[in-house]
Peer 1: 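Before I ask anything, here is the structure I am working with.
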Amino acid sequence: MKPLATLFAAAAMTFAATPVSARQYWVPDANGGITWNVAKGDNHSDHIEMAGKRVATVLRYGVDSKGAFTINKSMVWPMLRTIPNNTGGCVMRRFGWNPLDAVTVNGRSMTNEKVNKISLKNALEVESDFNNGYYGSWKLRRTYFPATDLPTLIEKYTLVNNGKKALRVEIPEGGFVAMTDPAKGVAGSYRIEGKTDKNGVFYLEPGDSVAFTAHLTATAPGEKGVTPDADAELAKRKDLVDNLMGSLVLETPDPIINKMMDFAKVRAGESIYATKGGPLHGPGGESYYAAIWANDQAEYVNPFFPYTGYEYGNASALNSFRHFARFMNPDYKTIPSSIIAEGDDIWNGAGDRGDCAMIAYGASRYALARGDRAEAEELWPLITWCLEYCKRQINEDGVVASDSDELEGRFPSGKANLCTSSLYYDALLSASYLAKELGKPNGKQYASQAAQLRKNIDKYFAHEVEGFDTYAYYKGNDVLRSWICIPLTVGIDERAKGTIDALFSPRLWTENGLLTQAGDKTFWDRSTLYALRGVYAVGATDKATEYLKKYSNTRLLGEHVPYAIEAWPEGGQRHLSAESGLYGRIITEGLFGIRPTGFRSFSLTPRLPSEWDNASLRHIRAFGADMDIEVKRAGNSKLKVAVMNGGKKKEYTIADGKTINVSL
């Protein structure tokens, strides 16, 4: 290994280059969300993405040096397509429009604000005090949220007279209309409107209140205008969030991990758009909408949806695979990396990224966990086509060649990378299980191919890198890479110890998770989330929990909350949606070790940290069930496991680290 002095010097450079979360601003609250109780002198800003079926918004908000609230609203309308109609070809605008700017109280603008708290769950909610002495004092509550079905961001404002004098509140008629350039719209000129629902003069005695709403919306030519009922829309948003948080419920002694799991389900589930090509799950980030990718959707989030029971999520998963299946061909030319513009076009700018391995991996895991025979029969041709494609890419060393990987050339990946072959290996295993369920003849063949590929992966990629007995990400790679974690997630554990030591060494681990490459400053949450899942999967439970706690505290309660992010510095730590699905899979596949083996069966390898006495996962909606799994410590390195479904309870007592095969 390298000398300690060299490692510590590298670590010092890493911490200096990486944005760390030096402070936790937020705490879990009694309403099931998180709250920033604003302290005197707080001067901090952040951004959060939220979405509905026809709109997405990135709210850039904060508290300034005087204690006042600041906000800028970035709006995205995914189905209002622009020219060129490419990956980012939809109407996007950033607005500083604030309906409060024209409101006066006792003849004066609303100044001397002190924000008390900001909360996140169903919406962004802000509570402030205004103290203007002789001119009165009042409280103000702001609420911002996207409509679930409308192309609209809704804002609610409630002003309460908490002083001793009457207030005269003037709310002028407010709003604007903007028409986009017709030459730049696929459907012509789009109408963007900001509007308030109430105007007039309101006299408030002490204790009285007045409320009004505003909305930002956009529509296509000939489309009816939107006049939302703000209270009804807020109720729909709450129902969506409550339903997502109320399924696949994690209960552990760590409330932060539990709550991070709740928020992960919301972000993973909300970012699905009602396109003309059917429901399409979109990453977001003010860049990626009305489109799907072989990694974000097929590989990352689609295998997670069956566990949540979110039917629109399952519909989006099946729909995405149907879109990919359109591109199967007899010549076995690769399926495109991305299908864009509501299904009308493709993007394949990085060549073959191992996309067929990603699709086969995700589709086979989805089909097994979903437990729907008709869907599985429909997906079987896509799965087998992708497996055959991968087989045709096997090089003379027995591993799968590809042009790049999902990082699309940002970092070198050689002619054959560890990620593609590992995903292909897992896809072969899942396909062998699926073949048995469907009565197909090639299950044993896929299992045999997987066994040989596992040997080839070790022979080709196993290498000492920077002193660690781990993997070279590609042939000739001599610098540690975060994606060395991939084999762990698919049960390849031959190099587990050296790989874990490398992942958590100062060369790769930072306060924001894993660096993509040792010595660089770039991090992508997706590799951190894969790594934590993989470390659980191979039984390094306490190590995985230690770092999961650190990661969850940073992402949920730190300076940029409350979701997993994409990358830094690229994208400014956008809240891309599928990464939250990967967080959820740390729990389902890592902590609880659920591995689908059939429509009504799975293997279960629970991992209970030594500092916990119990962990439960409730309302698991996969495998045609609504089941709970409870794990409790039973002494002498034993675990007591209960699986409850439909009023039936199966109990097992196992040695820590052992696997249970469950049939429902």
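Sequential numbering from 1 along the given sequence is applied to the chain's residues.
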Peer 1: After noting the C-alpha distance and the side-chain angles of K276 and D344, does the key distance pass the salt bridge (Lys or Arg N to Asp or Glu O under 4.0 Å) rule?
Peer 2: CA-CA 9 Å; K276 70 178 183 181; D344 283 352; 2.7 Å; yes
Peer 1: Among T148, T213, T152, find the one that has a side chain to side chain contact (heavy atoms under 4.5 Å, CB included) with E233.
Peer 2: T148
Peer 1: Ignoring hydrogens and angles, tell me if any N or O in the side chain of S271 forms a donor-acceptor pair with the backbone of G282 under 3.5 Å.
Peer 2: yes
Peer 1: Might you work through the side-chain contact (heavy atoms from CB on, under 4.5 Å) test for I272 and Y310, ending with a clear yes or no?
Peer 2: CA-CA 11 Å; I272 303 173; Y310 183 42; 4.0 Å; yes
Peer 1: Could you go through M260 and Y551, starting from their C-alpha distance and side-chain angles, then the distance that decides it, and tell me whether this counts as side-chain contact (heavy atoms from CB on, under 4.5 Å)?
Peer 2: CA-CA 10 Å; M260 182 77 181; Y551 173 87; 4.1 Å; yes
Peer 1: Distance check, rounded to the nearest 0.5 Å: I359 atom CD1 versus I335 atom CD1?
Peer 2: 4.5 Å
Peer 1: Quiz question: by atom type and distance under 3.5 Å, do the side chains of N116 and D129 form a donor-acceptor pair?
Peer 2: yes
Peer 1: Is it the case that more than 12 heavy atoms not belonging to K550 sit under 6.0 Å from its NZ atom?
Peer 2: yes
Peer 1: Of the options R574, K73, R94, which is the one that meets E286 in a salt bridge (charged side-chain N to carboxylate O under 4.0 Å, His left out)?
Peer 2: R94
Peer 1: Hey, is the main chain of Y300 close enough, under 3.5 Å, to the side chain of R585 for a donor-acceptor pair?
Peer 2: yes
Peer 1: Any chance you could measure H323, atom NE2, to L318, atom CG, to the nearest 0.5 Å?
Peer 2: 10.5 Å
Peer 1: Give a yes-or-no answer on whether the side chains of S320 and N302 include a donor-acceptor pair shorter than 3.5 Å.
Peer 2: yes
Peer 1: At their closest point, which heavy atom of V186 faces which heavy atom of Y190, and how far apart are they?
Peer 2: N-OH, 3.5 Å
Peer 1: How long is the gap from CZ on R60 to CD1 on I48, to the nearest 0.5 Å?
Peer 2: 12.5 Å
Peer 1: So that I know where these two stand, are F95 and F176 an aromatic pair - ring centroids less than 6.0 Å apart?
Peer 2: yes
Peer 1: Surrounding NZ of K195 (heavy atoms of other residues, nucleotides or ligands, distance under 6.0 Å), is the total greater than 12?
Peer 2: no
Peer 1: Distance only, no hydrogens: is a donor on one side chain within 3.5 Å (strictly under) of an acceptor on the other, for T70 and D64?
Peer 2: no
Peer 1: Going by atom types alone, do S337 and D355 pair a side-chain donor with an acceptor below 3.5 Å?
Peer 2: yes
Peer 1: Does W138 offer a backbone N or O that forms a donor-acceptor pair with the side chain of N162 under 3.5 Å?
Peer 2: yes
Peer 1: Got H215 and E193 here, is their nearest side-chain heavy-atom distance under 4.5 Å?
Peer 2: yes
Peer 1: Would you sort out whether K521 and E570 count as a salt bridge (Lys or Arg N to Asp or Glu O under 4.0 Å), showing the intermediate values?
Peer 2: CA-CA 11 Å; K521 63 183 180 179; E570 180 178 326; over 6 Å; no
Peer 1: Considering residues, nucleotides and ligands other than K198, do more than 12 of their heavy atoms fall under 6.0 Å from its NZ?
Peer 2: yes
Peer 1: Just by distance, do the side chain of R81 and the backbone of G89 share a donor-acceptor pair under 3.5 Å?
Peer 2: yes
Peer 1: Report yes if the side chains of N106 and N132 come closer than 4.5 Å at any heavy-atom pair, otherwise no.
Peer 2: no
Peer 1: Decide side-chain contact (heavy atoms from CB on, under 4.5 Å) for I587 and L248; before the verdict, give the C-alpha distance in whole Å, the side-chain angles of both, and the deciding distance to 0.1 Å.
Peer 2: CA-CA 10 Å; I587 306 306; L248 200 62; over 6 Å; no
Peer 1: Without hydrogens or angle criteria, can the side chains of D46 and W36 be said to hold a donor-acceptor pair below 3.5 Å?
Peer 2: no
Peer 1: To the closest 0.5 Å, what do you measure between CE (M245) and CE (M261)?
Peer 2: 11.5 Å
Peer 1: Hey, is the main chain of T180 close enough, under 3.5 Å, to the side chain of S189 for a donor-acceptor pair?
Peer 2: yes
Peer 1: Keeping S338 on the side-chain end and W293 on the backbone end, is there a donor-acceptor pair under 3.5 Å?
Peer 2: no
Peer 1: Judged by modelled atom types alone, do Y288 and S577 share a side-chain donor-acceptor pair under 3.5 Å?
Peer 2: no
Peer 1: Kindly write out the residues that satisfy side-chain hydrogen bond (donor to acceptor under 3.5 Å, both in side chains) with R108, not counting sequence neighbours, or none if the list is empty.
Peer 2: Y135
Peer 1: Under 3.5 Å, side chain of W77 to main-chain N/O of P151, donor-acceptor pair present?
Peer 2: yes
Peer 1: For a 4.5 angstrom cut-off between non-hydrogen side-chain atoms, does Y366 reach P306?
Peer 2: yes
Peer 1: Using only atom types and a distance under 3.5 Å, with no angle test, would you say the side chain of H560 pairs donor to acceptor with the backbone of Q573?
Peer 2: yes
Peer 1: Test of understanding: with side-chain contact (heavy atoms from CB on, under 4.5 Å), list the residues that count as partners of Y203, not counting sequence neighbours.
Peer 2: R168, V201
Peer 1: If you define the side chain from C-beta out and look only at heavy atoms, does anything of N112 sit under 4.5 Å from F130?
Peer 2: no
Peer 1: Once you round to the nearest 0.5 Å, how far does CG of L216 lie from OG1 of T57?
Peer 2: 8.0 Å
Peer 1: Hydrogens and angles aside, do E113 and S128 bring a side-chain donor and acceptor to less than 3.5 Å of each other?
Peer 2: yes
Peer 1: Are side-chain heavy atoms of D405 and R353 found at a separation under 4.5 Å?
Peer 2: no
Peer 1: Which of these, W26, Y61, F69, Y25, sits in a ring-ring contact (aromatic ring centres under 6.0 Å, His included) with H44?
Peer 2: Y25
Peer 1: Taking the six-membered ring for Trp, are H47 and H575 parallel (under 30°), tilted (30 to 60°) or perpendicular (over 60°)?
Peer 2: tilted
Peer 1: Taking the side chain as every heavy atom from C-beta outward, state whether E342 and Y273 have any atom pair closer than 4.5 Å.
Peer 2: no
Peer 1: Write down the atom of V76, the atom of C90, and the distance for their closest heavy-atom approach.
Peer 2: CG1-SG, 3.8 Å
Peer 1: So which atom in G285 and which in E49 form the shortest heavy-atom distance, rounded to 0.1 Å?
Peer 2: N-OE1, 2.8 Å
Peer 1: Assess the residue pair K121 and D29 against the criterion (salt bridge (Lys or Arg N to Asp or Glu O under 4.0 Å)); give the C-alpha distance rounded to whole Å, side-chain angles, the decisive distance to 0.1 Å, and a yes or no.
Peer 2: CA-CA 10 Å; K121 185 187 175 188; D29 61 38; over 6 Å; no
Peer 1: Any chance you could measure R23, atom CZ, to T554, atom OG1, to the nearest 0.5 Å?
Peer 2: 14.5 Å
Peer 1: Just do the side-chain contact (heavy atoms from CB on, under 4.5 Å) check on F327 and I339 with the steps written out, would you?
Peer 2: CA-CA 10 Å; F327 294 90; I339 298 169; 3.6 Å; yes
Peer 1: With the side chain counted from C-beta on, respond yes when K114 and N131 share a heavy-atom pair under 4.5 Å apart, and no when they do not.
Peer 2: no
Peer 1: Just jot down the ring-ring contact (aromatic ring centres under 6.0 Å, His included) partners of F305, sequence neighbours excluded, or say none.
Peer 2: H281
Peer 1: Do any N or O atoms from the side chain of N161 and from the backbone of D208 form a donor-acceptor pair under 3.5 angstrom?
Peer 2: no
Peer 1: N319 side chain to G277 main-chain N or O, any donor-acceptor pair under 3.5 Å?
Peer 2: yes
Peer 1: Side chains of L150 and T217: closer than 4.5 Å at any heavy-atom pair?
Peer 2: no
Peer 1: K259 and D262: salt bridge (Lys or Arg N to Asp or Glu O under 4.0 Å), yes or no, with the steps?
Peer 2: CA-CA 5 Å; K259 188 49 57 183; D262 279 345; 3.0 Å; yes
Peer 1: Return yes when atom NZ of K184 has more than 12 non-hydrogen atoms of other residues, nucleotides or ligands closer than 6.0 Å, and no otherwise.
Peer 2: no
